[in-house]
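For reference, the structure discussed in these notes is given below.
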Amino acid sequence: MLEITLFYIAATIALVATVLAMTRANAIHALIYLIVSLLAVAVIFFLIGAPFAAALEIVIYAGAIMVLFVFVIMMLNLGEKGDQQERHWLQPKIWIGPALLVTLLFIELLYVIARVEGPVSVTSVSAKEVGLSLFGPYVLAVEIASMLLLAGLVGSFHLGRRYLDRDGIEKEGEQ
């Protein structure tokens with residue numbers, strides 16, 4: 001019964017964080033809420049008995065993909081106006097929502113781990129087995145995903161860059 005309640009709490013956090021990520025006008029705020037959503041999905045995977053999937057969710061999605069998004073946002077470099085806006089975002093009141101959701105997920109995860117009695121029956125999967133699966137029958141899906149990420153990176157750079165002339169001055173009407 002308790003696991004079901006924890007599942008619904010994590011699912012609610014995932015849904016709320018995802019909706020907040022989609023409705024934020026600021027890319028960094030959306031990114032933070034997306035990370036919270038991915039962490040909640042990792043907790044759900046752990047609750048249903050898939051710790052390896054939970055670890056992959058954290059390492060691949062909440063880690064690597066989010067770093068890629070941060071690099072894209074950094075490449076857009078909005079200048080002094082962007083710097084002023086970032087100073088405003090660093091105020092503690094901006095971080096209350098994501099911090100609250102992550103704290104709730106962390107407490108939930110600690111409770112689930114503390115409740116486990118005895119050894120956890122986890123099937124050991126080696127890195128070689130994961131690699132053979134990803135680059136065996138799923139090689140096309142992995143390659144398509146990598147090309148999609150590359151296309152998103154190039155597209156976001158192209159859409160966000162400033163059109164500059166040879167002297168580095170912004171051209172009128174071309175932004």
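Sequence positions, counted from 1, serve as the residue numbers for this chain. Keep in mind that the numbers below use all heavy atoms, side chains included, and drop hydrogens, waters and symmetry copies.
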For Leu56, side chain to side chain contact (heavy atoms under 4.5 Å, CB included) partners two or more places apart: Phe52, Ile60
With Glu129 via side chain to side chain contact (heavy atoms under 4.5 Å, CB included) - residues at least two apart: Val125, Ser126
Close side-chain approach of Tyr111 and Arg115, heavy atoms under 4.5 Å: yes
side-chain contact (heavy atoms from CB on, under 4.5 Å) between Leu105 and Glu108, intermediate numbers included: CA-CA 5 Å; Leu105 282 174; Glu108 183 177 342; 4.3 Å; yes
All side chain to side chain contact (heavy atoms under 4.5 Å, CB included) counterparts of Ile58, not counting sequence neighbours: Leu39, Ala42
Cluster link Tyr8 to Leu104, ILVMFWY, side chain under 4.5 Å: yes
Residues, nucleotides or ligands: over 12 heavy atoms within 6.0 Å of Leu110 CG: yes
Close side-chain approach of Glu57 and Ile44, heavy atoms under 4.5 Å: no
Value rounded to 0.5 Å, distance of CE in Met22 from CG in Leu34: 10.0 Å
Smallest separation among heavy atoms of Ala40 and Ala10, with atom names: CB-O, 3.5 Å
From Ile9 atom CD1 to Leu2 atom CG, the distance as rounded to the nearest 0.5 Å: 8.0 Å
Pairs meeting criterion side chain to side chain donor-acceptor pair (under 3.5 Å) with involvement of residues 33-45, two or more places apart: Thr18-Ser37
Interatomic distance, Ile32 atom CD1 to Leu20 atom CG [nearest 0.5 angstrom]: 12.0 Å
Any residue meeting side chain to side chain contact (heavy atoms under 4.5 Å, CB included) with Val112, in chain and number order, not counting sequence neighbours: Leu6, Phe46, Leu47
Shared hydrophobic cluster, Val67 / Leu38 (ILVMFWY, side-chain heavy atoms < 4.5 Å): yes
Leu150 reachable from Leu140 in the ILVMFWY side-chain graph, under 4.5 Å edges: no
Salt bridge (charged side-chain N to carboxylate O under 4.0 Å, His left out): pairs with one or both residues in residues 145-154, sequence neighbours excluded: none
